[in-house]
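Below: one structure, written as structure tokens.
We use all heavy atoms of the structure for the numbers below, so side chains are in, but hydrogens, waters and symmetry mates are not. A note on names: the letters A, B, ... follow the listed sequences, proteins ahead of strands, and every chain is numbered from 1.
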Protein chains: 2
Amino acid sequence: MDARTTHTLPLLDHIDDAAAEACCPPILGGVLSEDEAEQAARVFKALADPTRVRLLSMVAASAGREACVCDLTGSLDLSQPTISHHLKVLKDAGLLERERRGSWAYYRLRPEALAVLSRALLPVAPRR
Amino acid sequence: MDARTTHTLPLLDHIDDAAAEACCPPILGGVLSEDEAEQAARVFKALADPTRVRLLSMVAASAGREACVCDLTGSLDLSQPTISHHLKVLKDAGLLERERRGSWAYYRLRPEALAVLSRALLPVAPRR
DNA sequence: CCTCTGCATCGACGATTATCAATACCGTGC
DNA sequence: GCACGGTATTGATAATCGTCGATGCAGAGG
């Protein structure tokens, strides 16, 4: 992928994908530009399928918040290519990350991405 | 003191749609059933389009968190039927509500729905 | 080397969706 | 009543998406 060399936050070093910090400006923080809306919609699109929402919940409920593909295919009554496709969509959206261990592939939750998304849905200044 | 105090009050009486309280069980609160995932995905699907995300932000940025359709059609370079369609999708998802005033239609934000959705993306019990 | 197993990619097909033009609907004002 | 302006609905079309079977690829173990 392209290198985002200008970032200086050390936190972002291990964040390979683009979803975590750039994905979702606050929806309620002013009129979004076309690009901002596009980026936000891309992440929401990853959650716009029941199978993917379920996969996400299954990964999140697994030990270590990670699951092997073999477990997921066994639970979901869908073909293995379909499961693999959905996992890729979730990964590309930044909601999951993938790691190979031996000959198995493990998908781990990225709670930061969900947290960023969660905050994007709230008013900018939560007046209370 | 009116809306935020408690969630289990007659507040819910005027909530006609199903989206506000029943829509989104916590994604990270255990494996979701097929129906739960279906309901969550339905709301996310409403946000899975850049135009709708933008519309939502425009309504949210308007005075009183409501906007007339005529304003929105003027800003978005899409045909009026298309705008009307997207607003209906957002309304059916429970994110907006519609009110007729004179011959104009106003769409108002439903921040509770967004708040519920926001919370669904966070870990269930932060247990601190 | 070869085979087996777990996972990803490809190609295709049906279903859903975003969009528009045309039209219908509903208040307002004459 | 009639005409007009704002909004919703309909019907059609092109694009996107979810799903599958077939195939490819990489790592493990003979």
Side-chain angles (χ1 to χ4, degrees), chain A residues 1 16-17 32 34 37-56 58-59 62 66-93 95-108, chain B residues 16-17 32 34-35 37-56 58-59 62 66-93 95-108:
Chain A
M1 314 300 190
D16 35 290
D17 298 351
L32 296 183
E34 214 161 328
E38 173 71 41
Q39 294 202 347
R42 184 173 346 189
V43 184
F44 286 125
K45 207 174 295 189
L47 293 168
D49 182 277
T51 299
R52 287 196 288 268
V53 173
R54 246 188 135 187
L55 277 171
L56 205 67
M58 294 170 96
V59 171
S62 302
E66 67 178 9
C68 167
V69 178
C70 52
D71 298 331
L72 302 170
T73 53
S75 309
L76 265 188
D77 211 48
L78 283 174
S79 76
Q80 174 268 320
T82 299
I83 306 284
S84 199
H85 163 68
H86 285 310
L87 289 172
K88 176 176 168 50
V89 172
L90 289 170
K91 188 200 69 176
D92 289 347
L95 301 173
L96 294 179
E97 59 186 353
R98 186 181 108 101
E99 184 188 350
R100 268 204 98 106
R101 281 213 284 280
S103 46
W104 293 276
Y106 282 79
Y107 282 87
R108 180 168 34 245
Chain B
D16 36 291
D17 300 349
L32 296 183
E34 214 161 329
D35 286 348
E38 172 72 39
Q39 294 200 348
R42 185 174 344 186
V43 184
F44 286 125
K45 207 173 296 188
L47 293 168
D49 181 278
T51 300
R52 286 197 287 269
V53 173
R54 246 187 136 190
L55 276 171
L56 203 67
M58 294 172 93
V59 170
S62 302
E66 66 178 9
C68 167
V69 177
C70 53
D71 299 332
L72 302 170
T73 53
S75 309
L76 266 189
D77 211 46
L78 282 174
S79 76
Q80 174 267 320
T82 299
I83 305 284
S84 198
H85 162 67
H86 285 309
L87 289 172
K88 176 176 168 51
V89 172
L90 289 170
K91 188 200 68 174
D92 290 346
L95 301 172
L96 294 179
E97 59 185 353
R98 178 186 184 273
E99 184 188 349
R100 269 205 98 105
R101 281 213 284 279
S103 46
W104 293 276
Y106 282 79
Y107 282 87
R108 180 168 35 246

task = Check the pair B/Val59, B/Leu72 against side chain to side chain contact (heavy atoms under 4.5 Å, CB included), reporting the backbone distance first and the verdict last.
result = CA-CA 8 Å; B/Val59 170; B/Leu72 302 170; 4.2 Å; yes

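- B/Leu72 places its CG atom 13 Å from the C1' atom of D/dG6, with the value rounded to the nearest Å.
- Atoms CD (B/Glu38) and C1' (D/dG18) sit 13 Å apart, rounded to a whole Å.
- Between B/Glu99 and B/Arg108 the shortest heavy-atom distance is OE1-NH2, 3.0 Å.
- With rounding to whole Å, B/Asp77 atom CG is found 15 Å from C/dA18 atom C1'.
- Closest approach of A/Cys68 and A/Trp104 over heavy atoms only: SG-CD1, 3.5 Å.
- Regarding B/Leu76, its CG atom lies at a distance of 14 Å from the P atom of C/dA18, rounded to whole Å.
- When all heavy atoms are compared, the tightest approach of B/Arg98 to B/Lys91 is CB-CD, 3.9 Å.
- A/Val53 and A/Leu47 make their closest contact through CG2-O, 3.2 Å (heavy atoms, listed as atom of the first residue, atom of the second, distance).
- Counting to the nearest Å, the C1' atom of C/dA18 and the CZ atom of B/Arg54 are 16 Å from each other.
- Remark: A/His86 is in phosphate contact with D/dT19, judged by side-chain N or O atoms under 4.0 Å from OP1 or OP2.
- The nearest pair of heavy atoms linking A/Ala46 to A/Leu90 is O-CD2, 3.8 Å.
- Spacing between atom CZ of A/Arg42 and atom C1' of D/dC17 amounts to 16 Å, rounded to whole angstrom units.
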task = Determine, for nucleotides 6-12 of chain C in 5'-to-3' order, which nucleotides have protein heavy atoms under 4.0 Å from the base (write B), from only the sugar-phosphate (write S), or from neither (write -).
result = SBBB---

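- At whole-Å resolution of the value, NZ in B/Lys45 and C1' in D/dT16 are 13 Å apart.
- Between the CG atom of B/Leu47 and the P atom of C/dT17 there is a distance of 14 Å, rounded to whole Å.
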